[in-house]
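The structure appears below as structure tokens.
Order of appearance sets the numbers: ligands from 1, and atoms from 1 within every ligand.
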Amino acid sequence: MTRVSTFLSWLSAALLSGFNGSDHTCSEIILRVAATSQNVIFAKQPDPTNEQANLDFVADLWKGSPPELAGTTEVTGNFTLSATYCLPKSLPNPPTLQILVHGITYNKTIWSGLGFSPEKYNWHNHANTRGYATLAIDRLGHGLSSSPDLDPLLTIQPQLHLEILHQIISGARSGGLHVSLGKKFNRIIFTGHSYGSLLGAATANKYPLDIDALVLTGFSTSPNFATVAGAKWRSAPAIEPLRFGHRGHGHITMSDETERTDSSYGGRYDRAIAAADFKYGDTVTTGEFGAMFTMLTPAAGYKGPVLVVTGVDDKANCATPAEKCREILRKTGDEFFPNVRDYEFIAPQETGHNWMVHESAGATAGRVHDWLDRRVRGKVEL
Ligand SMILES: *[C@@H]1O[C@H](CO)[C@@H](O)[C@H](O)[C@H]1NC(C)=O
Ligand SMILES: *[C@@H]1O[C@H](CO)[C@@H](O)[C@H](O)[C@H]1NC(C)=O
């Protein structure tokens, strides 16, 4: 054998062992992030001790009247975030990190398939198998990143999420999150779901150099909030005092299982997942809902690659038949990313809003990582 072919066979063996197994190591970590944001002040603020007042505040939004604003206020602090951090076992120094950001009424566990069949539904597993490191955060106020001293109306707003994400990305690039991540990353992929996608587009707009590729899922610019708006929302501590007694009435959630399943599932999925999804659902804050409309502006500042992944049966973001969904996703690129040349979308069939826990998840994971491999990872740095 010549030297070159020895090298090549060694390389292909390394690639095979690196990327074909489902071998990865995950750890639960804590990120301490110093961040400052300009949060919005609402002209009329619901009484935090009154459940109905908080529900009314949100109901007005759905009726098409976003709350009136009365300026902004600086929020600053050191925030403690919980995250799941996974590395491919056979590629200890992956150059690229995917930051996974969940939507409202979910937390980081959606990226672990809510604990169901890891080979099918665990996004870390899919990504790590393809050589990407993953970091799924619990956004402030969600999962284990929640604490009673965080004001759900005035503090937990998208503006602050965005600055925290910017700090996490900067830290991952510079090694500033060294204590927790143990390494620096050369490339960052922002992978969002639903509200997390909105934050991804906003981050790309405000901090275009933060992101090498944007994967926005459960997302479009033609949202249809009918199912969500008509749903029976309740304050989380009122209906689930054991789990959410420490959160105020400004944390709300869906109280009806059929409505929840309808809004997040469609097509082919395991009913047991939808049942667990309802039983263990997380919350959304009045501040996240109230300030959401300030994030609905096109990401004109961003020019990098964008992939949108939205199921055909995602009632809030697409429409059947498939061709109609594709039309919506085509328009989403034109409307939201006017300066992006490399825009593509995937519209998995028989798939609802929580696409990563539907039957099509494995096939979608393959397509997303094929797309990423061509753009971001490029040459593997062994
Ligand atoms: C955050 O922590 C750092 C280091 O302990 C400290 O210097 C800084 O003043 C803190 N910032 C805020 C806003 O509390
Ligand atoms: C995060 O979500 C999971 C799955 O839905 C749930 O079991 C868990 O209780 C949530 N965590 C918190 C702290 O609410």
Top protein contact for atom 3 (C) of ligand 2, by heavy-atom distance = Thr109 OG1, 3.3 Å
For ligand 2, the portion of Asp277 having any non-hydrogen atom under 4.0 Å away | neither
Between His142 and Tyr106, ring centroids under 6.0 Å = no
Passes salt bridge (Lys or Arg N to Asp or Glu O under 4.0 Å), Asp212 versus Arg375? Steps please.
-> CA-CA 9 Å; Asp212 295 287; Arg375 285 159 178 86; over 6 Å; no
Numbering as shown, the atoms of ligand 2 that approach Leu114 to under 4.0 Å (heavy-atom distance) | 4 (C), 5 (O)
Pick out which of Phe293, Phe289, Phe57 makes a ring pair (Phe, Tyr, Trp, His ring centres under 6.0 Å) with Phe42.
-> Phe57
What atoms in ligand 2 come closer than 4.0 Å to a heavy atom of Gly143?
-> 11 (N), 12 (C), 13 (C)
Is the backbone of Val357 close enough, under 3.5 Å, to the side chain of Asn354 for a donor and an acceptor to pair up by distance?
-> no
Under 4.0 Å from a heavy atom of Thr76: give me the atoms of ligand 1 that qualify, with their elements.
-> 13 (C)
Note the single closest protein heavy atom to atom 1 (C) of ligand 2, along with its residue, its atom name and the distance in Å.
-> Asn107 ND2, 1.5 Å
Contact bool for atom 5 (O) of ligand 1 (protein heavy atom, d < 4.0 Å) = no
Examine ligand 2 and decide if any of its atoms is less than 4.0 Å from a heavy atom belonging to Arg247.
-> yes
Within the 6.0 Å centroid threshold, strictly below: Trp111 and His126 = no
Heavy-atom proximity to atom 14 (O) of ligand 2, best of Leu144, Asp138, Asp282, Thr105 = Asp282
Taking the six-membered ring for Trp, are the ring centroids of His251 and Phe244 within less than 6.0 Å of each other?
-> no
Can a non-hydrogen atom of Ala34 be found less than 4.0 Å from any atom of ligand 1?
-> no
Can you label the angle between the Tyr207 ring and the His166 ring as parallel, tilted or perpendicular, going by 30° and 60°?
-> parallel
Exam field: side chain Arg187 to backbone Pro95, donor-acceptor pair closer than 3.5 Å | no
Would you mind checking which non-hydrogen protein atom is closest to atom 7 (O) of ligand 2, with the distance to 0.1 Å?
-> Tyr280 CB, 3.3 Å
Residue and atom name of the nearest protein heavy atom (relative to atom 13 (C) of ligand 1), distance in Å to one decimal | Gly77 CA, 3.6 Å
Could a heavy atom of Arg243 be found less than 4.0 Å from some atom of ligand 2?
-> yes
Cation-pi geometry met for Arg271 and Phe278 (6.0 Å, 45°) = no
Can you tell me the protein heavy atom closest to atom 8 (C) of ligand 1 and the distance?
-> Asn78 ND2, 3.9 Å
